[in-house]
Amino acid sequence: MVFAVAASFHVPLSTPSSSTFLFHGNMIAAVLLTMLGLPCLWFFWSALSLQANKAKAETTGLPLMVRWVTPTNPFWMMVGSSFVLKCRALGIGTKYFHRFYIFGWEANERHVVHQELGPAFMLVSPGGNWLCVSDASIFTDVIHRRTDFRRNMEQFAVLNVYGKNLSTTDDEEWQKHRKVTAITFTENNNKLVWEQSLLQTRGMLQYWLERQPVNTTNDDTKVFTLNVLAAAIFDKSYPFEGAAESKTHISTQNGFEYRDSLGKILKNIIPIFIFGEQGLKAWWTPHSWKSAGLAIDVFRSYVTGLINEEREHMDLGVQKNQHLVAALVCACESEQRENGHSAQRKRDMTLTEEEIISNLFVYAFAGNDTTAIALNHLLVDLAASPETQEWIAEEIRHYLPEDDLSQWPYKTFPHLKRCLAVVVGQ
Ligand code: HEM
């Protein structure tokens, strides 16, 4: 469409001759044909690939679930669910389409799909086949055969916003990331998380008490988690605000831009993957994408500043920060020093500045939804189970008798066995 409009606005310098009009007419026809041809080509390519993949899947003898759209198609991940929900609301499409074309259909279906198709079936799509299993012995087998069943690097590439990291590498490269990142979760950092969680809890409780009935636990636990992660990653403390209030403040005020930049990147991870940082800033993109593009910059500059600050502290022989940036810089420097002192030069296991930023981003990505969803589940489960609330309250009153949460020391944490049981048992 853009090409057609541009062609019709082309103004010839001399008086237009009939051949100029003919030229324009041909060009518009060519553009229109290309525009029609591309979807047709895509359709035929999908049909052919689907047939080829179906033939492969049939050789397994397992039941098949056939989908015309690949589950990891980035465009479908971005708009597919809204499209399916709209179709469902308007009564367009089959029940099969409504059930299995939505993003995250597995979570909605749970065991039901296995009751219909059996404990193992093949999901067939133009972009590849997926083996779906519900049998614990098969899971164990897969987990133990790491070299046969490898990490899907294509799928994880979405997390390469700042370059390679723990989640997007394999084999020796993964070992390098693993070695340095594993030692960053120290007791000091856990203490920071404990204190920040108590601060956020106080804020969230106050917010809920003032706004009855509470029907925003889903959004509020996301704010809670993002605030704790911001504290753990770069030691920035934010007061708890309900999700509705968080949307209204201007993110450049009071240092909110660092936390909000993280939130924007996490929310727009699929457009970032498709268009890249520069592509998001193009003139035609919606405002939310442009601000996600800028957020990538803000997060990078802020963390780079912290890395430099930490290196200066190390040069002076002081270590005063307990956040994850400091821990990662420290781990890399000591790995480099160890390697430098060793008589036999070992494999380089340190991370570049880009890799440090990338791993910090992955902590935020991996820790955000997982924790928010677990917390939300936990709160809703507890609301439905007053006896369990009483059971853990008894333990908390015993070990932490003070009403003021800021007086609750981190060293009590290992004693809270009932609380831990409730978290693990969900
Ligand atoms: C209730 C909360 C959480 C749950 C249920 C959870 C669950 C998981 C699971 C199942 C994996 C393995 C994924 C795979 O290998 O395919 C994983 C990996 C990972 N998680 Fe978590 N997680 C939680 C919180 C966190 C937090 C708070 C952080 C960081 C601050 C974090 C950082 C990571 C990282 C970096 C990986 C990738 C490890 C690797 O690739 O070697 N997670 N998590």
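Here the structure is a predicted model, which is why all the values come from computation and not from measurement. Just so you know, ligand 1 is whichever comes first in the structure, and atom 1 is the first atom listed for that ligand.
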Q. Are the side chain of Asn189 and the backbone N or O of Phe185 linked by a donor-acceptor pair below 3.5 Å?
A. no
Q.
Given Ile373, Thr181, Thr370, Thr225, identify the one with the heavy atom nearest to atom 22 (N) of ligand 1.
A. Thr370
Q. Relative to each other, are the rings of His114 and Phe121 parallel, tilted or perpendicular (30° and 60° limits)?
A. tilted
Q | Ring center gap for Phe43 and Trp68 short of 6.0 angstrom | A | yes
Q: Answer yes when Arg211 and Asp220 have at least one side-chain N-carboxylate O distance shorter than 4.0 Å, and no when they do not.
A: no
Q: Verify the contact flag for atom 18 (C) of ligand 1, where contact means a protein heavy atom under 4.0 Å away.
A: no
Q: Would you check if the side chain of Glu355 reaches a backbone N or O of His177 as a donor-acceptor pair within less than 3.5 Å?
A: no
Q: Report the relative orientation of the aromatic rings in Trp289 and Phe275; use parallel for angles under 30°, tilted for 30 to 60°, perpendicular for over 60°.
A: tilted
Q. Under 3.5 Å, side chain of Asn188 to main-chain N/O of Gln322, donor-acceptor pair present?
A. no
Q. Distance-only, no hydrogens or angles: does the Arg300 side chain make a donor-acceptor pair with backbone N or O of Glu354 under 3.5 Å?
A. no
Q | Numbered atoms of ligand 1 (with element) below 4.0 Å of Thr371, judged on heavy atoms | A | 2 (C), 24 (C), 27 (C)
Q.
Tell me whether atom 32 (C) of ligand 1 lies less than 4.0 Å from at least one protein heavy-atom position.
A. yes
Q) Short list, please: which atoms of ligand 1 are under 4.0 Å from a heavy atom of Arg178? A) 41 (O)
(Q) Does any N or O of ligand 1 fall below 3.5 Å from an N or O anywhere on Arg151, backbone included? (A) yes
(Q) Between Ser385 (side chain only) and Asp381 (backbone N and O only), is there a donor and an acceptor less than 3.5 Å apart? (A) no
Q | Closest protein heavy atom (residue, atom, distance) for atom 16 (O) of ligand 1 | A | Phe156 CZ, 4.4 Å
Q. For atom 12 (C) of ligand 1, is some protein heavy-atom partner under 4.0 Å away?
A. no
Q | Non-hydrogen protein atom less than 4.0 angstrom from atom 9 (C) of ligand 1 | A | no
Q | Distance from atom 26 (C) of ligand 1 to nearest protein heavy atom, with residue and atom | A | Gly367 CA, 3.3 Å
Q. Would you say Asp219's side chain and Gly242's backbone share a donor-acceptor pair under 3.5 angstrom?
A. no
**Q.** N/O separation below 3.5 Å, Tyr363 to ligand 1
**A.** no
Q. Heavy atoms of the protein only: does one fall short of 4.0 Å from atom 2 (C) of ligand 1?
A. yes
Q: State the OH-CG distance between Tyr162 and Leu360, to the nearest 0.5 angstrom.
A: 10.5 Å
Q.
Against ligand 1, does His177 come closer than 4.0 Å with any heavy atom?
A. no
Q: Note the single closest protein heavy atom to atom 38 (C) of ligand 1, along with its residue, its atom name and the distance in Å.
A: Leu166 CD2, 3.8 Å
Q | Proximal ligand 1 atoms for Trp174, defined as those under 4.0 Å from one of its heavy atoms | A | 39 (C), 40 (O), 41 (O)
Q: Could you tell me which atoms of ligand 1, counted from 1 in the order shown, lie closer than 4.0 angstrom to a heavy atom of Ala374?
A: 1 (C)
Q.
Judged on heavy-atom distance to atom 42 (N) of ligand 1, which of Ala366, Ala364, Ala182, Ser167 sits nearest?
A. Ala366
